[in-house]
Amino acid sequence: MAEFLQMRGITKRFPGVLALDDVHLSVERGEVHALLGENGAGKSTLMKVLSGAYHKDAGEILIEGKPVDIRSSADAKKLGISIIYQELNLTEQLTVAENIFMGRPIMRNRLMVNWRQMAREAQKLLDDLGIDIGARALIRDLGVAHKQMVEVAKALSIHSRILVMDEPTAPLTNREIDTLFSTIRMLKARGVAVIYISHRLEEVMDICDRATIMRDGRNVTAVNVHEVTIDEIIRHMVGRELKEKFPKIKIPLGRELLRVEHINAGKQVRDISLSVRAGEILGIAGLVGAGRTETARAIFGMDRKQSGEVFVDGKRVSISRPLDAIRAGLGFATEDRKGEGLVLTMNVAGNITLATLGDFAKLGKLSLRRERETVREYIRRLNIKTPSHLQLTRNLSGGNQQKVVLAKWLLSKSRVIIFDEPTRGIDVGAKIEVYNIINELILAGAAVVMISSELPEILGMSDRVAVMHQGRITGILENDGSLTQETILYYATGGDRRTA
Amino acid sequence: MKKRMKILLILCLVLGVALLGINLYTQGSAGRIAELQAKIAERKQLIAQAEMARVLGREAVDVGELPEVEISSADRVVMALASFSGAFLVLGIDLLIGALALIAFHLFKRRRGERKVRKVSSANNIVGILIALIVLCLDLSIASKVFLTQSNFLNVLQQISINFVIAIGMTFVIISGGIDLSVGSNIALTGLLMAIMMKNWGVGVTWTIVLSLLFSAAIGLINGSLIAFLNLPPFIATLGMMSIARGAAYTVTGGAPIYTMPAGFTGISGRVANVPLYAILIMIAVFALGWYCLRYTKVGRFTYAIGGNESCAKLSGINLSKVKCFVYVVSGLCCGVAAILLTSRLDSALPTNADGQEMDAIAAVVIGGTSMKGGEGSIIGTLIGILIIGVISNGLNLLGVAQGPQKMVKGLIIVVAVIIDVLRRRAAEQSK
Ligand SMILES: Nc1ncnc2c1ncn2[C@@H]1O[C@H](COP(=O)(O)OP(=O)(O)OP(=O)(O)O)[C@@H](O)[C@H]1O
Ligand SMILES: [Mg+2]
């Protein structure tokens, strides 16, 4: 019998890039099908062809054995295909409910929108997903993780036959992932075909039935997830064996480079004190909404601090805007690459050198040659997949965009760098490269603060772990080998709350 | 090749050939039509004479003796077509060129697709508008014999010089994500200031120039400060300034113009060996500075960054206020330079000078491919945009089109340019 959804011989070319080359994919009803591959392998592009965002150059798409013609996202919707894109696509000024029902509002009659019912239904969707936000909240007031969950709710609000999720869990922590997975299982039982893209292979082993693996725009193989191991999948993806997943190095710690004392900023940052020393990696763990990103933003001067002090290298510094922080020797690689990490209309080179442009100027004149050489070096070191250093960053794949954000701050030579979800959207092979580069930083005497939602990463790379819950630090734990995920989770759910 | 492209291509070819055919045919029957027209005219005249005679009560002229002019319906059509013959020629040639360009583009793309392109940049956009400019020049050289002459060329250069200088400044502002509506008023006010300084206060030419450049830059600085420090939307801040500066221009002289500047000053727009040498040199200098600054300086790069994504720029440690002030000061300075050119050319300063100049400047920038959303654009594109606008105004003048319709045509061109911009962006997102 023919499979429910089949994509055959799909080819897609961009100027300078053959993104898809004769790619096949077939998915059954009630199946969760993983689409795997390195950054820039062509996963998102394949899904955008399915959702009508891109036109394919060749190939055909069949649903229930019948060829279908998908030329726009309206066509895809009619066929029951809905997609959660890798990048958030919400309207910041509107409410959660309005975003969820964007383009198909619930009407009271021909002319009037039934706002109340729309909010009610949106709230029900959110509650079912276990998301703790109001349907009338504005999107711009939400953090990245909550925005992502709104995207999920939006996709679920359409009763679709095929649901595509492009890295839905990248900004999420375990708790949200669990609710997401139970939702996926429910959809699966209803016979929905789910296509699931992720770089977190443990999740794939957990939730998926089969996996199609791609490399450089081509099919490598399709496997039954239950019959293979993670290592085998990695071998197919990367084309080689990966030995160690976390290349942790321990070096003698130097001076204290960053200390913050009693910082308060809004509801999410309450009386935060922490410190990092040269050669040290301080992990910050916590659930979504615990205030980790907000803490980093407050330290860095992106958000206003109500009180508290920051010391860099023993000296008190006053930071009221990012420029002050950078001058003091701090760097901050944000988690929100589309919103704050990249200028999408600028090319790769321009983005990488944006924070350090002064280093490339002599007597006011930029040396484009020196800039090009430096940028090319970073493109090589981070293995950024791009046809040229002049490619616009909006044309890069998600993981490669993330690498550009990292490169920008690696170049900054800051003595203290805060990485917010540094490996978000980055493939397994490249993750190790990122860790190696973080290692190089601390070997060179820098201090690193690493905010991460992936506990294995926190445990694998940090020397100490600060755990946050509801805007407060509930524990600072030494990562001496005996620390476990359970302990961290205990603190992350408020375990050691002294207040009543 | 896509189906839609094919249809477009065939349509272009067929229409182009048809139009050229019509043109040739009407030209071929030009003799006969002229004869017919002469006959009609003669008869009309006679009828008029007869009517006149009747009214005056003079001796009647016998019209009946004149044979009715026989015009077949085919001839009627030909005659109607003949009056559009010039337009048909131009349009036909354009369509054929368009079709050829489509074919060439397709062949080029197919060849290129197989190899790897080394450089991916905005060059494509510029090629598009460059082709538009060339086609436009071709059209006008067919439509008007004067167009391609050297003296007309020099005229065009002098005519565009004001808009040229301002549009360069406007490019900075629009790339940074803003807009400057106060340029026209700034020019008028600065122009009057110069006139007053030289005529009433007896300030020397050099000092006048220096001081008035400072003055126009200060207007820009006020714009920039309102936007950077008080967070006013650029549209509102510069709209206010537009009205304030224009009002001030009327106030300082009570609305009266000031005539006749010192010779040293009018010499700036004078001609050397019939060439407006200094104006051309000033244009080249402004262009080179603008180009260099956007490409080779930090602040130029930052201009793109804040236009593309302000929060990212901020997070990267860019001083937003400084960059914003900078772009409006650049725009103000350009107004100062434009005021010098304009006042010296007109040999007078009027409070109404450069009214509506902001529209021409914005149009040039947008036609040049700079996105109104900010973050994208180039000085070279603006240069071509300026030339397109300049050539169109010149062409309309040569063809004897009145000011009213000229304004309408220009408005239409802006709208079309923005539509093309939107479509291009959408296409870029969809596929290649
Ligand atoms: N609009 C575009 N213009 C030009 N090139 C593009 C465009 N979109 C994608 N590409 C290129 O196509 C290739 C595949 O990109 P795609 O986004 O599908 O990768 P991916 O597998 O989703 O990677 P990731 O894991 O990083 O998200 C990349 O090399 C990318 O640079
Ligand atoms: Mg992707």
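Residue numbering restarts at 1 for every chain, and letters A, B, ... go by the order of the sequence lines.
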Structural part of [X] lying under 4.5 Å from a heavy atom of chain B:
X        : result
A:Phe300 : side chain
A:Lys408 : side chain
A:Ser412 : neither
A:Lys362 : neither
A:Met302 : both

Within a radius of less than 6.0 Å around CZ of B:Phe235, do more than 12 heavy atoms belonging to other residues, nucleotides or ligands occur?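 Atom CZ in B:Phe235 is not packed in, count stays at 12 or less.
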How about A:Arg304: does its CZ atom have over 12 heavy atoms from other parts shown lying under 6.0 Å from it? no
If I take atom [atom1] from residue [X] and atom [atom2] from residue [Y], how far apart are they, to the nearest 0.5 angstrom?
X        : Y        : atom1 : atom2 : answer
A:Leu368 : B:Tyr296 : CG    : OH    : 5.0 Å
B:Ser311 : A:Glu340 : OG    : CD    : 5.0 Å
B:Lys298 : A:Asp359 : NZ    : CG    : 8.5 Å
A:Arg321 : B:Asn319 : CZ    : CG    : 5.0 Å
A:Ile326 : B:Leu315 : CD1   : CG    : 7.0 Å
A:Leu354 : B:Tyr304 : CG    : OH    : 14.0 Å

Between B:Ser316, B:Gly308, B:Gly307, B:Gly317, which has the largest tally of heavy atom pairs under 4.5 Å with chain A?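 Going by pairs under 4.5 Å, I would pick B:Ser316.
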At a heavy-atom distance under 4.5 Å, which candidate from A:Gly339, A:Ala361, A:Ala325 has the highest pair count against chain B?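 Heavy-atom pair counts peak at A:Gly339.
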Of the listed A:Leu344, A:Thr356, A:Leu342, the one with the largest count of heavy-atom pairs under 4.5 Å with chain B is A:Leu342
Just by distance, with hydrogens left out, do A:Lys365 and B:Thr297 show a side-chain donor and acceptor under 3.5 Å apart?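 No.
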Within residues 414-422 of chain A, residues adjacent to chain B where the heavy-atom gap is under 4.5 Å: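 Listed by number, there are no contacting residues, so the answer is none.
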Hey, mind stepping through B:Arg301 and A:Met346 against side-chain contact (heavy atoms from CB on, under 4.5 Å) and telling me if it holds? CA-CA 9 Å; B:Arg301 189 70 73 77; A:Met346 280 173 85; 3.6 Å; yes
Considering only NZ, NE, NH1 and NH2 on the basic side and carboxylate oxygens on the acidic side, decide whether B:Arg295 and A:Glu371 come within less than 4.0 Å. no
With sequence neighbours excluded, what pairs up with B:Asn231 under the side chain to side chain donor-acceptor pair (under 3.5 Å) test? none
